[in-house]
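Below is one structure, written out as C-alpha cells, with a few remarks after it.
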Amino acid sequence: MVKCRICGSELLPFISFGQMPIANGFLRESSFADEFFFELAVAFCTRCQMTQLLHPVEQERLFHENYAFYSSTSVRMAEHFERHAQAVHKHLSGRKDPFVLEIGSNDGILLRHFSVAGVRHLGIEPSANVAEVARNAGVQTVSEFFTEQLAVDILRQHGEADAILAANVMCHIPYLHDVFSGVKTLLAKNGLFVFEDPYMGAILEKTSYDQIYDEHAYYFSLHSIQYLSRKHGLEVVDVEALSVHGGSMRYTLSHDGEVARSEAVDALEAAEIHQQMHRAESYDSLRCRIEHSRNNLIETVSELRDQGKQIVGYGATSKSTTVINYCGFTSKEIEYISDTTPIKQGKFSPGAHIPILSYGRFLEKYPDVALLFAWNHSDEIMAKEKGFRDAGGRWLTYIPEVRIFS
Ligand code: SAH
Ligand code: TMP
Ligand code: ZN
C-alpha cells in the first residue's frame, strides 16, 4: 500500500501505463542497452485530492547537465512569460529594491525580463546546461535543487523575497512539503508566491493523458493546493486559468490572512465540485477514456500505414514519450520525429527509439501525415505550416480525441 505524499492517506491507484522510459531521455544508439525504465502508474487521494505518480523517479535522473528541455524554444511561451514578468514587475512597483526568486528558471525565459529591468533576482535551476544559457543572458542563477535548506541560505544572503515565482516545476518535485516550508521561510510578509502547472481539470476534460510522465509527480487541483498551503500557513488568494501547456492553472499564494482572497478562488472551488473532481469515479472514467483513445490511435495509424501513407511525428515533446510507448509505436509506424531543439536532433526517442531529425528535414520533404505531438503549441504551429497543408499534408491529433484534419 502506497501512502499519499501530501496527507499520508491510502492512495487509490487508477491507471498503470506499464514500464516507461525517461520522457526527456533522448538517447544515442550506444546507450540503448542501459536505458532506464520504471512503472508509470497514477493514483488519486480521496482525502487531499492530490493526483500523483505511485513511483516517482529520483530527480537527479531527470534534471542534470544534459536536460533536453529549453523553455525558450517556444515563441508563444516566451511571450506568455514576458507578459507575466510585466504583471509581476508592475505589482512590485513602489517597493524598495524588491527581490524576485524563481524556482526552475531554466534558460531564463522569465527572469531575463527582471534582469533587463535591473530588478534584483535569483533563479534556482539544477539542470546545469540550461542554467548556463540563463547566466549568459544576464540572469543570476544558482544551479541547485530548491529545498528548505537552500531557502535558509538564500534568506541569509539576499533577504526576503517579494515574489517567489515557479512555472511547470512545482508539479515536478516529489518532496513538496520541504519546498513549501522553504517558501514560507523566504517569502516577505506581504510577498506573493505565484506558480503555474498543468491543471488536473484540463486533463480530465481533454483526456490529455500525455501530461502523465516521469517529471510530473503531481497533477494539481485547487483543492489539493489549498490542502497543502494550509499545512504551511499559506493561503491561495487568486487563481487564473491559462491556455498554455494544454490547460494550466496559475495559483497566487500569500501568508495566511495577509491578502484578500479573490472571487476567482470561490468560483474555481465550485467548478471543481461541479466537475466531480473530488470523486474517485471521475478517475476511473478517465482511465476508460484513456484506453479508448489509445485503441483509436493505434487503429488510425494502422489504417494510414495500410494505405501506404508516410507518418512522421511533429515535435519530440516529453509528452509524446507516454503516447508512443503506451501505443507501442516504433519507427515502422512513425518514420521519424521532427524537432527544432538541437540537443534532441540526431538522437532517438526514449523507449521506442524513433529517430529525431531536424525541422529542416520536415520542410525539405513533407510527409503525408504529421502526428501532432506538440498539440499544446497548435496555434503557433498551424500558423507557420501553411505550406504543409497546401502541399496536401494532413494532421493527426489525439487530443481531445483521435482526429485527422488538414
Ligand atoms: N519554468 C520553465 C521550465 C520548466 S521545466 C518553464 O515553464 O518553461 C522544469 C525546470 O525545473 C527544469 O529546468 C528543471 O531542471 C527544474 N527543476 C526541477 N526540479 C527542481 C527543483 N527541485 N528545484 C528547482 N528547479 C527544479
Ligand atoms: P513542450 O510541449 O514540452 O513545450 O515541448 C515542445 C517540443 O516541440 C520541443 O522539443 C520543441 C518542439 N517544437 C517543434 O519542433 N516545433 C514547434 O513549432 C514547436 C512549437 C515546438
Ligand atoms: Zn492525500
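Note that ligands are numbered from 1 as they come in the structure, with each ligand's atoms numbered from 1 the same way.
When only interatomic distances are considered, the shortest N/O to N/O separation between Y67 and ligand 1 does not fall below 3.5 Å. Ligand 1 has no N or O atom lying under 3.5 Å from any N or O atom of S105, backbone or side chain. In terms of polar-atom proximity, T73 is not counted as a contact of ligand 2, lacking any N or O under 3.5 Å from an N or O of the ligand. The shortest N or O to N or O distance between A167 and ligand 1 is under 3.5 Å. Residue S74 has no nitrogen or oxygen atom sitting less than 3.5 Å from a nitrogen or oxygen atom of ligand 2, judged on distance alone. Considering backbone and side-chain atoms together, S71 places an N or O closer than 3.5 Å to an N or O of ligand 1. Checking only distances, H377 does come within under 3.5 Å of ligand 2, N or O to N or O. For G104, a nitrogen or oxygen atom sits less than 3.5 Å from a nitrogen or oxygen atom of ligand 1, counting backbone and side chain alike. For ligand 2, the polar-atom distance check finds an N/O of T340 within less than 3.5 Å of one of the ligand's N/O atoms. Considering backbone and side-chain atoms alike, E380 places every N or O at 3.5 Å or more from each N or O of ligand 2.
Shortest contact from atom 16 (C) of ligand 1 to any protein heavy atom: E125 OE1, 3.5 Å. For atom 7 (O) of ligand 1, the closest non-hydrogen atom of the protein is N168 ND2, 2.8 Å. Scanning the protein for heavy atoms near atom 25 (N) of ligand 1, the closest one is P126 CD, 3.1 Å.
Close approach of ligand 2 to N376 is summarised as follows: ligand atoms under 4.0 Å from at least one heavy atom of the residue are 2 (O). Residue contact check: H245 has heavy atoms under 4.0 Å from atoms 4 (O) of ligand 2. The K319 neighbourhood of ligand 2 comprises atoms 2 (O), with distances under 4.0 Å to a heavy atom of that residue. Which parts of ligand 2 touch K344 is read off a 4.0 Å heavy-atom cut-off, strictly below it: atoms 9 (C), 10 (O). Every atom of ligand 2 with a heavy atom of I381 under 4.0 Å away is listed here by number and element: 18 (O). Close contacts between ligand 2 and T341 involve ligand atoms 9 (C), 10 (O), 11 (C) [criterion: under 4.0 Å to a heavy atom].
Between the D162 side chain and the F99 main chain, a donor and an acceptor come within less than 3.5 Å of each other. A donor-acceptor pair is defined here as one N or O able to donate and one able to accept, closer than 3.5 Å; no such pair exists between the side chain of Y213 and the backbone of D210.
If you look at F146 next to ligand 1, the close heavy atoms, those under 4.0 Å, come from the backbone and the side chain alike. With a 4.0 Å heavy-atom cut-off, ligand 1 is reached by no atom of F195. Only the side chain of E102 comes within 4.0 Å of ligand 1, judged by heavy-atom distances.
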Validation: residues 76-83 side-chain donor-acceptor distances under 3.5 Å, sequence neighbours left out:
unit_1, atom_1, unit_2, atom_2, d
R76, NH2, S243, OG, 2.9
H80, NE2, E196, OE2, 2.7

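Using 4.0 Å as the threshold, M77 has no heavy atom nearer than that to any atom of ligand 1.
Under the 30°/60° scheme for interplanar angles, the aromatic rings of F362 and F388 are found to be tilted.
With respect to E10 and K3, no salt bridge is recorded, no charged nitrogen being found less than 4.0 Å from a carboxylate O.
Summarising the geometry of S293 relative to Y209, their closest heavy-atom pair is OG-CE2, 3.7 Å, with the distance given to 0.1 Å. I273 and H278 make their closest contact through O-CE1, 3.6 Å (heavy atoms, listed as atom of the first residue, atom of the second, distance).
Taking the ring centre of F405 as origin, the terminal cationic atom of R394 falls outside the region bounded by 6.0 Å and 45° from the ring axis. Within the cation-pi definition used here (under 6.0 Å to the ring centroid, within 45° of the axis), R287 does not qualify as a partner of F14.
For the Zn ion (ligand 3), protein N, O or S atoms under 2.8 Å: 4 in total.
Nearest-residue assignment for atom 11 (C) of ligand 2 (options D339, D379, T317; heavy-atom criterion): D339.
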